[in-house]
There are 2 protein chains.
Amino acid sequence: MAQVSARKLQDWKDQGFEPGNCPVRQVLDHVSAKWPVLILLELGRKPMRFNELLRALPDISKRMLTQSLRNLERDGILRREVFDTKPPSVTYSLSALGEGFLPHLLALVDWAETGMPEIVAARQRFDTV
Amino acid sequence: MAQVSARKLQDWKDQGFEPGNCPVRQVLDHVSAKWPVLILLELGRKPMRFNELLRALPDISKRMLTQSLRNLERDGILRREVFDTKPPSVTYSLSALGEGFLPHLLALVDWAETGMPEIVAARQRFDTV
DNA sequence: CCGTATCCTATCAGATACTG
DNA sequence: CAGTATCTGATAGGATACGG
């Protein structure tokens, strides 16, 4: 594993990727930020409409929901479909790209859940010193 | 996969996990933030000293490096060893927990790299509309 | 060498009010 | 229903200077 990590980093540096201009990091930032994670998990269950998401995520604001959805849509991770009914309805769903991301996200969440006891213990040790 | 996602979310809600008080998210935030990702990738290659990391990550500031290292140390993801030589030296290395995280991180990076062409295309479509 | 302390700015994110 | 606009407080993050 260390070798993989080492090779990847070297590859990037060979290509002149400074952390600042790395396109991968931009995407990672979008998907791993506060709300996008929750949004993607919700949409992993089923496609949803705007206000449906608003209700499912109790303490998100409209502003943040809109912004997060736009970012994810722009990156092609989710799809936005407008039905010109009255009143209008808009549904959001994962794209193929988004579906491909979900397993990684769940694996990460699993890792964090599994490691929680150890992490909590580490924190207590750190804080009491 | 959708089922896994659905069950997980329901489990959390049953346990009264609001997004705001979710401990998993705190950890995820720490490891997925701007600098920690790069730090973990570097330490995935080999243990490193403070200034060594500073040189490896060209545009990080001391302040941010210190802060990021402390967060990761507090969560027990990396280990900090002080050798009381003169001048003093401090080395950072991944803990078992950190080693366990690395594969997930690399998988995510891989996903992002593989998907980049599609993402770039999606962005252009989005921006030209 | 390995940090801390301070200051200062830019961006993030919540609350509120308004629109097609 | 599905947003946009605006204002404001909180937070992140860079630059610089200093200390053990």
Side-chain angles (χ1 to χ4, degrees), chain A residues 18-22 25-39 42-43 46-75 78-93 126 129, chain B residues 18-22 25-39 42-43 46-75 78-93 126 129:
Chain A
E18 297 301 321
N21 74 10
C22 172
R25 272 217 42 251
Q26 296 175 10
V27 182
L28 251 40
D29 275 2
H30 286 165
V31 294
S32 73
K34 181 172 184 180
W35 296 114
V37 169
L38 281 308
I39 292 174
E42 290 287 350
L43 292 183
K46 63 172 198 288
M48 287 197 196
R49 299 175 46 179
F50 187 86
N51 277 358
E52 209 177 349
L53 279 167
L54 211 55
R55 280 188 297 273
L57 278 31
D59 42 8
I60 194 174
S61 65
K62 282 181 173 191
R63 193 182 180 285
M64 281 302 103
L65 181 55
T66 304
Q67 195 174 105
S68 306
L69 288 171
R70 286 293 175 279
N71 277 336
L72 295 173
E73 186 197 355
R74 185 170 115 91
D75 285 348
L78 56 77
R79 219 186 344 258
R80 179 174 180 269
E81 285 171 295
V82 182
F83 300 98
D84 213 355
T85 56
K86 204 177 144 168
S89 87
V90 179
T91 75
Y92 294 90
S93 54
F126 188 92
V129 172
Chain B
E18 297 301 322
N21 73 7
C22 171
R25 271 217 43 250
Q26 295 175 13
V27 182
L28 250 41
D29 274 3
H30 286 164
V31 294
S32 74
K34 181 172 184 179
W35 296 112
V37 169
L38 281 308
I39 293 174
E42 290 287 350
L43 292 183
K46 64 172 197 289
M48 288 199 197
R49 300 178 42 184
F50 187 86
N51 277 0
E52 208 177 349
L53 279 167
L54 211 55
R55 279 187 296 273
L57 278 32
D59 42 7
I60 195 173
S61 65
K62 282 180 171 189
R63 194 182 179 284
M64 281 301 104
L65 181 55
T66 304
Q67 195 174 106
S68 306
L69 288 171
R70 285 294 173 279
N71 278 336
L72 295 173
E73 185 195 357
R74 185 171 114 91
D75 286 349
L78 56 79
R79 219 183 348 255
R80 177 173 182 271
E81 285 170 296
V82 182
F83 301 97
D84 213 355
T85 55
K86 201 177 148 171
S89 86
V90 179
T91 73
Y92 295 91
S93 54
F126 188 92
V129 172

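Below, read A as the first sequence line, B as the second, and so on, with proteins coming before strands; counting in each chain starts at 1.
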Rounded distance in Å - [atom1] ([X]) to [atom2] ([N]):
{"X": "A:K34", "N": "C:dC12", "atom1": "NZ", "atom2": "P", "result": "14 Å"}
{"X": "A:L54", "N": "D:dA2", "atom1": "CG", "atom2": "C1'", "result": "10 Å"}
{"X": "B:N51", "N": "C:dG3", "atom1": "CG", "atom2": "P", "result": "9 Å"}
{"X": "A:D84", "N": "C:dG20", "atom1": "CG", "atom2": "C1'", "result": "11 Å"}
{"X": "A:D29", "N": "C:dA13", "atom1": "CG", "atom2": "C1'", "result": "16 Å"}
{"X": "A:I39", "N": "D:dA2", "atom1": "CD1", "atom2": "C1'", "result": "15 Å"}
{"X": "B:W35", "N": "D:dG13", "atom1": "CH2", "atom2": "C1'", "result": "10 Å"}

### Query
If you look at every heavy atom in A:L43 and A:L78, which pair is closest and at what distance?
CD1-CD2, 3.7 Å
### Query
For the atom pair CG (B:L57) and NZ (B:K34), what is the distance rounded to the nearest 0.5 Å?
10.5 Å
#### Entry: Interatomic spacing from CG in B:N71 to CZ in A:F126 - rounded to 0.5 Å
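One finds 8.5 Å between CG of B:N71 and CZ of A:F126.
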### Query
Going through the distances and angles, do A:R25 and B:L38 end up as a side chain to side chain contact (heavy atoms under 4.5 Å, CB included)?
CA-CA 10 Å; A:R25 272 217 42 251; B:L38 281 308; 3.5 Å; yes
### Query
Heavy-atom distance under 4.5 Å between the side chains of B:T91 and B:E52, does that happen here?
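Of all side-chain heavy-atom pairs linking B:E52 with B:T91, none is under 4.5 Å.
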### Query
Do A:E42 and A:L53 have side-chain heavy atoms sitting under 4.5 Å apart?
yes
Are there any protein N/O atoms within less than 3.5 Å of an N/O atom in nucleotides 10-12 of chain D, and if so, which ones and at what distance?
none

### Message
Show, in sequence, the C-alpha distance, side-chain angles and deciding distance for A:F50 and A:L69, and conclude whether the side chain to side chain contact (heavy atoms under 4.5 Å, CB included) test is met.
### Response
CA-CA 9 Å; A:F50 187 86; A:L69 288 171; 4.0 Å; yes
### Query
Would you say B:K86 reaches C:dC2's phosphate, i.e. side-chain N/O to OP1/OP2 under 4.0 Å?
no
Can you pull every protein N or O that's under 3.5 Å from an N or O on nucleotides 3-6 of chain D?
residue: D:dG3; atom: OP1; partner: A:R70; partner atom: NH2; Å: 3.3
residue: D:dG3; atom: OP1; partner: A:R80; partner atom: NH2; Å: 2.6
residue: D:dG3; atom: OP2; partner: A:Y92; partner atom: OH; Å: 2.6
residue: D:dG3; atom: N7; partner: A:K62; partner atom: NZ; Å: 3.0
residue: D:dG3; atom: O6; partner: A:K62; partner atom: NZ; Å: 2.8
residue: D:dT6; atom: O4; partner: A:R63; partner atom: NE; Å: 3.2

### Message
Output the pairing pattern of DNA chain C as a dot-bracket string, 5' first, Watson-Crick or G-U wobble with both distances under 3.5 Å, | for cross-strand pairs, [ ] for crossing pairs.
### Response
|.||||||||||||||||||
